[in-house]
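Heads up: the structure comes next, in structure tokens.
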Amino acid sequence: MKFIGIDIGTSSICGVVYDSSSKETISITKPNNSNLTTSQTWKKEQDPTIIITTVIKLIEELRTQHPDIAGIGISGQMHGVLYINSKGCAISPLYIWQDGRGEQLYKNKESYATFLSKQTGYPLSTGFGLVTHFYNIKNKLVPDNAYKICTIMDYVGMTLTKTKEPITDVSNAAGLGIFDKYNLQFDEQALLKAGIDKDILPLLSKDNTPLGYYKGIPIYPAIGDNQAAFLGSVQDLNHSIHITVGTSSQLSVYTNEYIEIPALDTRPLPGGGYLLVGAALCGGCSFALLKNLVAETIVRCTGQKITDEKLYRIMLLAASEINNEENLQIETLFNGTRLNPNQRGRITNISLSNFTLGHLVKGFLNGICKELYNFYLQIPDNIKNNKKIWVGSGNAIRQNKLLCQIFEQQCGCKLQLSPNKEEAALGASLYCAQIMNCKEINRY
């Protein structure tokens, strides 16, 4: 049997076909060109109509090659939210996880996210769907005919199945915020304290029934991209540590019991159990930030533009030529942290001999790895001591051997690369297949 998995990322949208008999996969990736121009740089919005169009093109392209599709699973960028009307149509942009409404000042010089966290007792960050919604309530930005909020992947599922009511998996519901992860339900009392009407929330998926059908193919509730990437990368659930570096970066480990750790996020895993997740707001985008600086410098000095591929080659070559050990100390916290969104990056230990392109490149990569490794140190020993398999995924990990080497040096481990390039889309297809009781499924 064959299954399609769709992953709606921030910068790209991927489709995978997984054959449960041969274990073979094929994938197609298209750019997510839905970014909207906004009046403030801290507003991060995308056009859901463009996303829907791209997803449908992907599915049709995959179905042309493989007409015998048994089911479709979906994953996508977590935390973001959009408004729909009673007819199931989007009436707002998608406010994505990078949106900065929640870090704007509200009362007593506190941010909206900080105020809402104190009101509800839940740790909340800017970009979380209910933080965005709270900001919109207070600033009278909620559309008059708003019926529900939902994630972009839930909206895609609705549109494909021509249904009007958003139904969300707990892995996505938890990403919206104010969600009781132990009892797996929204906290209605906390919502009441915050002045948020519970009726605007999507329904929770209670069983494994499909949302509906797209041209006769069942479509199942979407899952979070972090959880999907974990399912699509890790073979040994109980003994693995998963790191992924894309636009952002995460370190994830599985636990079968609910546990709270201040520096980590506890996320429900579809199928049962939880992931302890250290989520960095800057991962691969930190390195892209440095690349953009190099590109700008070259243009200003020479008037010539160089492709990103060539720029990255130049940067990595410069880093490989470093011989001295007087490294720059760089914290790649350019967009803050979940706990402190106002924190910023730093470059220290600058001397007369190490302020070079190569040292900057190496320092940036060290900073990306160090932030993830610091998350690992927060995991209780009784959970991490039996996890010895380090699995890496994401384009930044796959395409940057120096990043892998630095991570292995910092962590004292051997990093295995996930055998599949589009892990989140694969994880969505695997989860769909498992729901449909395909007992023969083995991930690889």
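Heavy atoms of other residues, nucleotides or ligands lying less than 6.0 angstrom from NZ of Lys30 number more than 12. Remark: Glu188 CD is loosely packed, at most 12 non-hydrogen atoms of other residues, nucleotides or ligands lying under 6.0 Å away. Other residues, nucleotides and ligands contribute more than 12 heavy atoms inside 6.0 Å of the NZ atom of Lys384.
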- Task: Would you please test Ser111 and Thr114 for side-chain hydrogen bond (donor to acceptor under 3.5 Å, both in side chains) and show each step?
- Result: CA-CA 5 Å; Ser111 70; Thr114 299; 2.9 Å; yes
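Taking the centre of each ring, Tyr83 and His133 come in below the 6.0 Å mark. Outside the 6.0 Å centre-distance limit, the rings of Tyr431 and Tyr220 are not counted as a close aromatic pair. Ring pair Tyr106/Phe134: centre-to-centre distance below 6.0 Å. Side-chain rings of Phe128 and Tyr95 stay apart, their centers remaining 6.0 Å or farther from each other.
For the pair Asn139 (side chain) and Leu141 (backbone), a donor-acceptor distance under 3.5 Å is absent. The backbone N or O of Leu426 lies less than 3.5 Å from a partner atom in the side chain of Ser429, making a donor-acceptor pair. Using a distance-only test at 3.5 Å, with no hydrogens or angles considered, a donor-acceptor pair links the side chain of Thr161 to the main chain of Met158. Here the side chain of Asn400 pairs no donor or acceptor atom with the backbone of Ala396 at under 3.5 angstrom. Under a 3.5 Å cut-off, the side chain of Lys138 and the backbone N or O of Tyr112 do not form any donor-acceptor pair. Panel note: side chain Gln77, backbone Gly9; a donor-acceptor pair is recorded below 3.5 Å. Listed for the Tyr155 side chain is a donor-acceptor partner under 3.5 Å among the backbone atoms of Ala90. Looking only at distances, no side-chain donor or acceptor of Lys421 sits under 3.5 Å from a matching main-chain atom of Ser418. Checked by atom type and distance alone, the side chain of Thr126 pairs as donor or acceptor with a backbone atom of Asp99 at under 3.5 Å. A donor-acceptor pair is defined here as one N or O able to donate and one able to accept, closer than 3.5 Å; no such pair exists between the side chain of Asn354 and the backbone of Ile350.
Under the 4.0 Å criterion applied to side-chain N and carboxylate O atoms, Lys291 and Glu309 are not assigned as salt-bridge partners. One finds no salt bridge joining Arg344 and Glu331 here, because no Lys/Arg side-chain nitrogen approaches an Asp/Glu carboxylate oxygen to under 4.0 Å.
Remark: Ile13 CD1 to Ile51 CD1 distance equals 5.5 Å, nearest 0.5 Å. Rounding to the nearest 0.5 angstrom, the gap separating the CG atom in Asp187 from the NZ atom in Lys198 is 12.5 Å. The distance from the OG atom of Ser27 to the CD1 atom of Ile4 is 12.5 Å, given to the nearest 0.5 Å. Note that CD of Glu110 and CG of Asn108 are 6.0 Å apart. Values are rounded to the nearest 0.5 Å. Taking CG of Leu417 as the reference point, atom SG of Cys404 lies at 5.0 Å (rounded to 0.5 Å). Atom NZ of Lys2 is separated from atom OG of Ser20 by 10.0 Å, given to the nearest 0.5 angstrom.
For residues 390-418, the ring-ring contact (aromatic ring centres under 6.0 Å, His included) pairs, not counting sequence neighbours, are Tyr376-Trp390, Trp390-Phe407. Residue pairs meeting the ring-ring contact (aromatic ring centres under 6.0 Å, His included) criterion with at least one partner in residues 24-48, sequence neighbours excluded, do not occur; the list is empty.
Contact between Val142 and Ile137 at its shortest, heavy atoms only, is CG2-N, 3.7 Å. Ala113 and Leu124 make their closest contact through CB-O, 3.9 Å (heavy atoms, listed as atom of the first residue, atom of the second, distance). Heavy-atom minimum distance, Asn172 versus Met78: OD1-CG, 4.2 Å. The two residues Ala222 and Ser171 have their closest heavy-atom pair at O-OG, 4.5 Å.
Ring pair Tyr312/Phe287 is parallel by interplanar angle, where below 30° counts as parallel and above 60° as perpendicular.
The side-chain hydrogen bond (donor to acceptor under 3.5 Å, both in side chains) check on Asn226 picks up Ser252, Arg267, with sequence neighbours excluded. For Thr10, the side-chain hydrogen bond (donor to acceptor under 3.5 Å, both in side chains) partners two or more places apart in sequence, or in a different chain, are Trp97. Taking the side-chain hydrogen bond (donor to acceptor under 3.5 Å, both in side chains) definition, one finds that Arg398 meets it with Glu423, sequence neighbours left out.
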Show which side-chain atoms of residues 173-181 pair as donor or acceptor with protein atoms under 3.5 Å away, not counting sequence neighbours.
residue : atom : partner : partner atom : Å
Asp180  : OD1  : Tyr182  : N            : 3.1
Asp180  : OD1  : Asn183  : N            : 3.0
Asp180  : OD2  : Asn183  : ND2          : 2.8
Lys181  : NZ   : Asp265  : OD1          : 2.6
Lys181  : NZ   : Thr266  : O            : 2.9

